[in-house]
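Each chain gets a letter, A, B and so on, in the order its sequence line appears, and its residues count up from 1. Computed over heavy atoms, backbone and side chain alike; hydrogens, waters and symmetry mates excluded.
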Amino acid sequence: MAPVKRLREAVDGFNADELETMKCELFSWWDTNARDLPWRFGRTTPWGILISEVMSQQTQMSRVVDYWTSWMGAWPDAASLAEASTAEVITAWGRLGYPRRALRLQECATVVAEQYGNELPRTYDELVALPGIGDYTASAVMSFAFGERIAVIDTNVRRVLWRTFKGKESFGGATKPEERKLAQALLPQDAKESVTWNEALIELGALVCTAKNPKIDKDPWASYSRFYANGCPNMGQRRTRPRQSFKGTNRHVRGIVLNALRSLADREQPTLPRAEVEQLWNDHVQLDACIASLDEDGLIEIGPNGSVRLPV
DNA sequence: CTCCCGTTAC
DNA sequence: GTAACAGGAG
């Protein structure tokens, strides 16, 4: 099928001239509003890009910058991260959340160091096969690190495109085929432009076309948006199924245990005796279940007398 | 679909 | 108090 026809089907109601104008206005907005993040504008390696993307999964960018900077200082490439102790890596991950990402990142570093000669592979298929690297991160590395033409689809892109061109919210769950089709149809043909397009769309979703209270007066696409024109239907409605509140969940308890271990990581014997472990959480049934799951995940090691420590 | 962390902003 | 956050894996 001809590209032009595919485009028309995916974004009916928007003609080519209009889309070209929107692209220009988006790029213009990007030029003056892009945040000066340390991994942007060619200041780091592909590996540095990958680290920034993994740290940014489900985590606000403002919390990532300092962690990324010190992390890259300690382990500037895959080989150096692969050689670090797991305890060091988990400790350096600090309070970024979802510490399994740190484990996957070190596993990823080992594969890159050993199988790819310490250089990230340059194909989507090889990247997405790496530990902790899914569709979004593989696409982001292909686009932002290697400049390849590929649609990068995250929660921001889904929200911005679906709102603007379909006039509706993109609700939670996995990316739908229709959303992917739309993103691919709109992606500029020129590779360099496609990279800017991806970066700018994500930035627009993060700064302006936000989930709640979008800054319509600052949105370069405000006059084109079917969502705004329709009065932002269903905005603020739950995007995902109601979840348990964080307090008292296994995630909460696991976090408490890991935080206790991180805090004594610089001691001579960084091991928490069973007696001190039991003081971390009253419900010992839940506590032991969490300790078992942390052990299964490889985030901790259980000693002979029920003591606990970070993996060596 | 559910679980996985910790913080922010509403 | 809770949805959301540059998602990924089972």
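- The A/Phe246 side chain lies nearest to B/dC5 when the options are C/dA6, B/dC5, C/dG8.
- The stretch residues 132-140 of chain A touches DNA chain C through A/Gly132, A/Ile133, A/Gly134, A/Asp135, A/Tyr136, A/Thr137, each having a heavy atom under 4.0 angstrom from the strand.
- For the pair A/Glu203 and A/Arg35, the salt-bridge criterion is met [side-chain N within less than 4.0 Å of a carboxylate O].
- Going from the P atom of B/dC5 to that of C/dG1 covers 23 Å, rounded to whole Å.
- Listed by chain and residue number, nothing satisfies the salt bridge (charged side-chain N to carboxylate O under 4.0 Å, His left out) test with A/Glu25 (two or more places apart in sequence, or in another chain).
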Output a table of donor-acceptor pairs, distance under 3.5 Å, between side-chain atoms of residues 292-299 of chain A and any protein atom two or more places apart or on a different chain; print 'none' if there are none.
residue: A/Ser293; atom: OG; partner: A/Arg254; partner atom: NH1; Å: 2.8
residue: A/Ser293; atom: OG; partner: A/Cys290; partner atom: O; Å: 2.9
residue: A/Asp297; atom: OD2; partner: A/Arg254; partner atom: NH1; Å: 3.0
residue: A/Asp297; atom: OD2; partner: A/Arg254; partner atom: NH2; Å: 2.8

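- Residue A/Ile153 belongs to no hydrophobic cluster, having no ILVMFWY side-chain heavy atom closer than 4.5 Å to its own.
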So which protein nitrogen or oxygen atoms get under 3.5 Å of nucleotides 8-10 of chain B's nitrogens or oxygens?
residue: B/dT8; atom: O4'; partner: A/Gln60; partner atom: NE2; Å: 3.4

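- OP1 or OP2 of C/dC5 sits under 4.0 Å from a side-chain N or O of A/Arg159.
- The ring-ring contact (aromatic ring centres under 6.0 Å, His included) check on A/Trp30 picks up nothing, with sequence neighbours excluded.
- Nucleic acid contact for A/Trp39: base, since at least one base atom lies under 4.0 Å from a heavy atom of the residue.
- Each of A/Leu127, A/Ile150, A/Val54 was checked for a side-chain contact (heavy atoms from CB on, under 4.5 Å) with A/Val141, and the lone residue meeting it is A/Leu127.
- Both A/Leu130 and A/Glu203 lie near DNA chain C, and the one whose nearest nucleotide falls closer to the 5' end is A/Glu203.
- Residues of residues 99-107 of chain A having a heavy atom closer than 4.0 Å to DNA chain B, listed by number: A/Pro99, A/Arg100.
- The gap from the P atom of B/dT2 to that of C/dA6 amounts to 23 Å, rounded to the nearest Å.
- By the salt bridge (charged side-chain N to carboxylate O under 4.0 Å, His left out) test, A/Glu193 is found to be paired with A/Lys23, residues two or more places apart in sequence or in another chain being considered.
- Within residues 22-35 of chain A, no residue places a heavy atom under 4.0 Å from DNA chain C.
- The separation of B/dT8 from C/dG8, taken at their P atoms, amounts to 23 Å, rounded to a whole angstrom.
- Of the two residues near DNA chain B, A/Ala174 and A/His252, the one whose nearest nucleotide lies more 5' is A/Ala174.
- Residues passing the salt bridge (charged side-chain N to carboxylate O under 4.0 Å, His left out) test with A/Glu179 are A/Arg158, sequence neighbours excluded.
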For A/Val157 and A/Val152, what are the C-alpha separation, side-chain angles and deciding distance, and is it a side chain to side chain contact (heavy atoms under 4.5 Å, CB included)? CA-CA 8 Å; A/Val157 172; A/Val152 180; 5.7 Å; no
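- Ranked by how close their nearest DNA chain C nucleotide is to the 5' end, A/Pro131 and A/Arg40 are led by A/Arg40.
- Applying the salt bridge (charged side-chain N to carboxylate O under 4.0 Å, His left out) test to A/Arg180 and every residue at least two apart in sequence or in another chain returns A/Asp135.
- When hydrophobic side chains of Ile, Leu, Val, Met, Phe, Trp and Tyr are connected at separations under 4.5 Å, A/Tyr228 ends up clustered with A/Ile216, A/Phe227, A/Met235.
- Side-chain proximity of A/Ala211 to the nucleotides C/dC5, C/dA6, B/dC4 is greatest for C/dC5.
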